[in-house]
Every structure is written in C-alpha cells, then in structure tokens.
2 protein chains.
Amino acid sequence: MRDAAAGDALGVLDRMTSILEAFDQDDRGLGISELALRAGLPKSTVSRLVATLVRQRYLERDGKRIHLGLRLFELGQLAEQPRELRAAALPVMADLRTTTGENVHLAIRDRREMVCIAVMRGRFAAPPTVRIGGRLPIHATALGKAVLAHAPAADVEEVVAAGLEAWTAHTIRDPAVLCRQLDDIRGGGLATEVGEFGAGVSCAASAVFAPSGRLVGAVSVSGCADGFDADRFAPAIRAAALMLTRRLAPGGSRAV
Amino acid sequence: MRDAAAGDALGVLDRMTSILEAFDQDDRGLGISELALRAGLPKSTVSRLVATLVRQRYLERDGKRIHLGLRLFELGQLAEQPRELRAAALPVMADLRTTTGENVHLAIRDRREMVCIAVMRGRFAAPPTVRIGGRLPIHATALGKAVLAHAPAADVEEVVAAGLEAWTAHTIRDPAVLCRQLDDIRGGGLATEVGEFGAGVSCAASAVFAPSGRLVGAVSVSGCADGFDADRFAPAIRAAALMLTRRLAPGGSRAV
DNA sequence: TGCCATGGTCCCACTCACTGGAACATCGGC
DNA sequence: GCCGATGTTCCAGTGAGTGGGACCATGGCA
C-alpha cells in the first residue's frame with residue numbers, strides 16, 4: 001500500500017471494488033491482465049483477489065475469462081430501494097404501458113445520475129434504449145428532471161456545477177433554462193424531454209413520492225420523437241405516480 | 001484471524017461476504033449489532049467494514065438501519081449469465097405469457113438450486129410465488145427437474161445425496177421416482193410438477209440450451225393447480241425453449 | 001523445431017492494514 | 001438520573017495482504 005497513483009485504493013475492500021467496477025456491460029469476460037490494467041492494480045494482487053471472489057461466487061471464471069457472478073445478481077435483487085419500489089411499481093407500469101403503448105421506465109436517483117430499475121417495452125414501441133441497472137444523466141432526461149425539480153436547491157446547484165454535459169444538440173446546457181424548466185415541472189407535475197439525451201427519442205416523466213413525502217424516484221413514458229404527444233400521456237403518467245405513492249404505503253403492494 | 005469458529009472466515013473478503021450475506025429479503029434494514037451477530041463477527045470489525053462498504057455504496061445507511069446498496073443492484077445487472085439469458089428471453093417469455101395467460105419464469109442452475117432470473121405475471125394469474133433472484137430447490141420444481149434431466153448423472157447423485165427435502169406432501173422424496181421422472185423428461189422435453197414445491201401450484205418447464213449445446217437454464221409456465229393442463233401448454237413451452245436457443249446465437253437477440 | 005509474446009500463478013520477505021477487546025459516546029425508556 | 005442497548009473510537013500487536021519477479025503455460029510465427 002505504498003503509492004496510490006490517484007488516491008484511489010486504500011484497503012482490500014477498495015481494491016476489490018476497483019476490480020468489480022472494472023466490468024462493464026459489453027464485456028464477454030476479462031482476463032487477469034486486462035482486469036489488472038483497468039483496476040490499476042498489480043497482476044499478482046488481482047490474481048489473488050479474484051481467486052477469493054470466485055470462491056465466494058461473486059465472480060465466475062471460465063478458463064481465462066472472468067465475469068461477474070451469480071451471487072452479485074442475487075444480492076443486487078435484495079437491495080432495499082430498488083426492490084421495494086419495483087414491487088410496488090410493476091402493476092402500475094404495466095397499466096401505463098397498456099394505456100400508452102409506449103416504453104415505460106422506472107428510475108431512482110443516485111447523486112447526479114438516475115439509475116434505471118425497471119423497464120417495460122410498449123406493445124409496438126422500439127426497443128428501450130436504457131438497460132435495467134443503467135445510468136442516465138439527471139439533467140438530460142425527463143426522469144432526471146422530474147426528480148431534480150423536487151430536490152433541494154443545493155442539489156440543483158451541484159448538478160449545474162458539475163457541468164451540463166451535452167448528449168445531443170438538444171441537451172439543455174444553460175443553467176437558467178434548466179432552472180426555468182424545473183419551475184415549470186414543479187408546477188405542472190410533469191417533466192418532458194425531446195431528444196435531449198438520445199436523438200429522436202422523447203420522454204415524459206413524473207416524480208414519485210413515498211407516502212411520507214420523501215422523493216423516491218420517477219416513472220416515465222418514452223417513444224419515438226415524431227408523433228410523441230406528451231400532453232396526451234400526461235394524465236396517465238401523473239395518475240401512475242400518485243397510484244405508486246399509494247402502493248408504497250405499508251401493505252399497499254403485494255404483487256410482483 | 002485467530003479462531004474461526006466454524007472454519008468460515010479467513011480473510012477480509014470472506015468477512016465482507018459474511019456481512020453481505022447476512023441480509024435477506026424481508027429485512028427492513030439491520031443494525032450493526034444484529035449484523036455482527038448474524039455474520040459471526042465482532043461488532044467493531046463489522047462497524048469498520050460497514051463504513052467502507054457504505055463509502056463504496058455497496059451498503060446504504062439510514063441512521064442505524066443498514067441495507068444493501070444500489071451499487072450491488074447495478075453490478076448484479078451486469079452479471080454475465082443472467083444478463084445474456086434474460087435479454088434473449090424476455091420477448092419469448094412475453095409471447096409465452098400471452099398465449100398461456102399464466103405466469104412465466106426463467107431460471108438458471110446454481111449447484112443444487114435454481115435461481116430465478118426473470119418473472120412475468122400472466123394476465124389473469126395469481127401473483128408469482130417466486131422472486132427474481134430467489135432460489136428454488138432443484139428436485140421439487142419443474143424448472144429444476146427440466147435442467148436436472150439433462151445434467152450429468154453425477155449431479156443427480158449429488159442432489160439425491162444432499163437429501164430430497166420435502167416442501168409439501170407431494171414433493172418427490174424417493175430417488176427412484178425422481179430418476180424415472182428425469183428419464184421421462186429427457187424423452188418428452190417437458191418437466192411437470194403438481195404442488196411439489198408450493199401447495200396448489202402447478203408448473204411445466206422446458207430446459208434451455210445454448211446454440212453450442214450447453215445447458216443454460218429453463219423456462220416455465222405455472223398456475224393454479226386445479227385446471228392446470230400441462231399438456232395444453234406443452235407445445236408452446238417447448239417452442240419457447242427452442243426459440244430461445246436460436247436467440248442465444250450471437251446477434252440473435254437485440255431487444256430488451 | 002525453436003523462439004518470442006502474452007497471460008496466469010506462485011514464491012517469499014517485508015510491513016502496514018486489519019484486528020478486536022475495552023473504553024467511550026449516544027440514545028430512549030422508565 | 002439511571003440503565004440497557006447500540007454504535008464508534010482507540011490502540012498496541014501481528015499476521016494477512018502485498019507486489020516484484022521468477023516461473024510456467026499457450027500459441028502464434030518463421
């Protein structure tokens with residue numbers, strides 16, 4: 001533990017997370033060397049830690065190819081926030097999908113990003129662009145703006161301070177414009193977005209609150225930008241968000 | 001690392017897994033003391049490790065209540081096996097749900113258990129009894145038997161040796177009966193089960209193979225035992241399993 | 001058939017991160 | 001204010017963890 005190149009790794013656990021986080025979605029397995037490179041750790045260290053993680057089934061190994069293991073999947077499903085919200089949301093999302101025919105998403109906030117925790121594909125809609133477990137920029141998506149509108153002002157400032165990265169030509173980059181939109185969203189209960197994150201994709205979202213009033217996430221409906229009429233879906237989305245709050249009450253949801 | 005009470009914990013990583021695995025589905029958060037008790041570790045150690053895990057967002061903390069964190073959910077979604085199979089399976093499962101109206105499940109094998117990796121609720125079916133990420137006994141479910149029928153004989157022996165635990169009065173406990181069923185399943189391509197795992201619940205399943213011929217898991221349709229006609233669903237289930245194999249070919253699945 | 005490049009494991013002396021008991025805070029409850 | 005329960009901090013001791021490098025496979029390539 002001598003030179004931490006970038007003040008990153010401090011203990012074994014941190015070293016382990018460097019390893020686990022070296023994986024990304026399009027990997028068909030990594031070798032020890034590649035893993036060591038990405039994690040910024042010596043090969044011998046990675047080799048040893050990987051052996052332990054494989055033993056614990058947090059990683060799997062097929063010859064030289066190493067992937068994330070089944071146990072991580074299992075544990076992930078037990079994570080409190082996603083589990084609770086998902087369980088309550090699935091029937092509501094199914095309704096929303098039926099009434100709109102479009103793709104329906106559910107996401108929760110994590111610092112300056114949204115994490116998608118459920119997706120339902122609309123009957124005639126294009127395949128969703130977001131993956132369960134995928135991250136979305138908070139300032140460039142309807143889901144994100146819906147949540148941000150009800151977050152403390154400090155959070156908005158933090159997002160702005162981090163820089164409003166442009167994902168498309170339509171991404172809002174001006175803090176003033178963003179704030180104005182957030183005001184509107186707070187008033188109208190609906191956030192919208194047209195091609196700000198993905199070209200040709202529109203989205204409308206509503207924030208979801210727990211019965212306690214705590215902000216927990218957002219639901220959205222998204223579809224192909226041309227012909228997407230947010231106003232038409234607005235009542236259904238708002239209703240879904242309210243319904244979700246009700247189902248989040250203890251005993252309010254029993255379905256999967 | 002002096003006295004490992006039951007030869008369990010050896011290194012920090014093992015200690016960490018003891019902590020993570022102390023959580024189960026119906027927990028609304030654990031305190032340090034409870035966690036230490038379950039993990040069989042000293043409080044001070046747990047306190048310290050939890051602090052690191054919270055920093056890494058593998059755990060979350062709300063006052064004294066500790067839960068599994070969002071990052072575990074994210075990582076879990078990246079796990080190779082479930083991800084690949086799920087992606088290929090969802091449309092197939094949706095079809096199966098439509099044609100049968102019952103609940104549809106997808107599971108993969110993990111040693112002597114099946115791990116459920118996708119669930120779809122049938123239009124008029126009762127809520128599924130299995131949770132995504134949940135485990136099922138291999139010998140007492142159609143999903144399990146479908147897979148076991150195509151597994152090496154040694155695996156069957158291992159399952160038998162571990163004891164055929166009775167989940168209901170109908171669970172198969174006689175190895176000879178089980179083996180005979182497995183033969184039938186191998187011949188007919190369909191595994192069935194009537195109230196062997198949950199009282200009043202029937203299920204029919206088919207094994208799923210990768211294009212390479214490797215056994216990867218099973219799909220099932222399940223419903224209320226009275227009126228459940230496995231034969232009626234058989235063709236659809238077999239077709240779904242075959243379709244899945246085709247979609248598992250590289251480039252065969254693009255949808256979510 | 002050698003030869004090199006690549007990728008993974010093993011060895012082992014060094015040492016610092018980790019350990020855990022005990023003391024110290026903090027919070028409710030009565 | 002006292003008490004039990006819960007969580008955090010301290011600190012000396014030490015062995016778990018480290019990582020450079022040797023070693024061992026593979027698998028092209030000529």
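Because the structure is predicted, anything quoted here is derived from the model rather than measured. Proteins come first, then strands; the chains are lettered A, B, ... in the order of their sequence lines, and each starts at number 1.
The separation between B:Leu49 atom CG and C:dC18 atom C1' is 9 Å, rounded to whole Å. We find that NZ of B:Lys64 is positioned 6 Å from C1' of D:dG7, with the value rounded to whole Å. Protein atom CZ of B:Arg55 is 16 Å distant from nucleotide atom C1' of D:dT8, rounded to whole Å. At whole-Å resolution of the value, CD1 in B:Ile32 and P in C:dG20 are 14 Å apart. Atom CD1 in A:Ile19 sits about 13 Å away from atom C1' in D:dG19, given to the nearest Å. One can place CG of B:Leu41 at 15 Å from C1' of C:dG21, the figure rounded to the nearest angstrom. Rounded to whole Å, the distance from NZ on B:Lys43 to C1' on D:dC10 is 15 Å. At whole-Å resolution of the value, CG in A:Leu10 and C1' in D:dG17 are 15 Å apart.
For A:Met120, the CE atom is densely surrounded, since the number of other residues' heavy atoms within 6.0 Å is greater than 12.
Panel note: side chain B:Arg83, backbone B:Leu85; no donor-acceptor pair is recorded below 3.5 Å.
Side chain A:Arg48 to base D:dG17: no donor-acceptor pair is found below 3.5 Å.
No salt bridge links A:Glu158 with A:Arg111; every basic N to acidic carboxylate O contact stays at or beyond 4.0 Å.
Note: B:Asp14 CG to B:Ile19 CD1 = 11.5 Å, rounded to the nearest 0.5 Å.
An OP1 or OP2 oxygen of C:dT9 is reached within less than 4.0 angstrom by a side-chain nitrogen or oxygen of A:Ser47. For B:Thr45, no side-chain nitrogen or oxygen approaches OP1 or OP2 of C:dT19 to under 4.0 Å. Between B:Ser33 and D:dA5 there is no side-chain N or O to OP1 or OP2 distance below 4.0 Å. For A:Arg15 and D:dG17, the shortest distance from a side-chain N or O to OP1 or OP2 is not below 4.0 Å.
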Worked check of side-chain contact (heavy atoms from CB on, under 4.5 Å) between B:Leu37 and B:Glu34:
CA-CA 5 Å; B:Leu37 198 68; B:Glu34 173 68 6; 4.2 Å; yes
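Within the nucleic acid shown, A:Arg61 comes within 4.0 Å of sugar-phosphate atoms alone, with no base atom in reach, counting heavy atoms only. Counting non-hydrogen atoms under 4.0 angstrom, A:Ser44 reaches a base of the nucleic acid.
With distances taken from any side-chain atom of B:Pro42 to the nucleotides C:dT19, C:dG7, C:dG20, the minimum falls on C:dG20.
Summary of the strand contacts: A:Leu13 and A:Glu34 both lie near DNA chain C, and taking for each the nucleotide with the nearest heavy atom, the more 5' one is attributed to A:Glu34.
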